[in-house]
Amino acid sequence: MSSKTISLREEAYERLRAARRYPGESFSAVVLRATWPESTTTGRTLLELCRERGAVFDVVELDRVEALKRDDSAARDKWKTR
């Protein structure tokens, strides 16, 4: 099995260490357990959308943006196990 060496900030290392289910669990197992959404909106996607239809949003879309801004909260912690 091959491996790679990576550098982490101290805070990232502590979060990774705290996410272990048991003291001997490998960091690889912890990382493989984490999930990230497959589909995300990228700047490229937004730019293509603006080029296709112009930088005009309808009222429903603008209302949704405003609602999301109002309800904005910190991102879910993908490493938190509890």
Side-chain angles (χ1 to χ4, degrees):
M1 172 180 17
S2 66
S3 64
K4 296 280 184 181
T5 301
I6 61 171
S7 296
L8 298 172
R9 290 191 335 236
E10 187 73 26
E11 177 187 1
Y13 171 80
E14 291 302 327
R15 288 180 70 181
L16 185 60
R17 190 171 65 83
R20 293 188 299 186
R21 289 183 175 161
Y22 53 91
E25 184 178 28
S26 71
F27 287 157
S28 292
V30 175
V31 170
L32 290 171
R33 212 175 47 242
T35 58
W36 290 270
E38 291 295 324
S39 63
T40 59
T41 301
T42 63
R44 171 182 257 165
T45 304
L46 184 57
L47 181 59
E48 288 171 357
L49 181 62
C50 288
R51 285 180 176 159
E52 285 174 13
R53 67 177 196 181
V56 178
F57 295 94
D58 64 32
V59 173
V60 173
E61 291 168 321
L62 291 174
D63 287 343
R64 183 160 184 251
V65 168
E66 288 301 319
L68 290 169
K69 283 174 41 180
R70 243 189 338 270
D71 300 333
D72 193 21
S73 60
R76 182 180 65 84
D77 185 351
K78 297 173 185 174
W79 298 102
K80 194 170 187 175
T81 58
R82 296 178 204 175

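One distance of note links CG of L16 with CD1 of I6; it measures 7.5 Å at 0.5 Å rounding. Atom CG of residue L49 and atom CD of residue E52 lie 6.0 Å apart, to the nearest 0.5 angstrom. One finds the CZ atom of R17 at 14.5 Å from the CH2 atom of W79 (value rounded to the nearest 0.5 Å).
Of all heavy-atom pairs spanning R33 and R21, the tightest one is CD-NH2, 2.8 Å.
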Could you tabulate the donor-acceptor pairs under 3.5 Å formed by side-chain atoms of residues 64-71, not counting sequence neighbours?
none

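In this structure, L47 and R44 have side chains that are not in contact, with every pair of non-hydrogen atoms separated by 4.5 Å or more.
With sequence neighbours left out, R9 forms a side chain to side chain contact (heavy atoms under 4.5 Å, CB included) with E11.
A single hydrophobic cluster is seen to contain both W36 and L8, as judged by linkage of ILVMFWY side chains at heavy-atom distances under 4.5 Å, directly or through other members.
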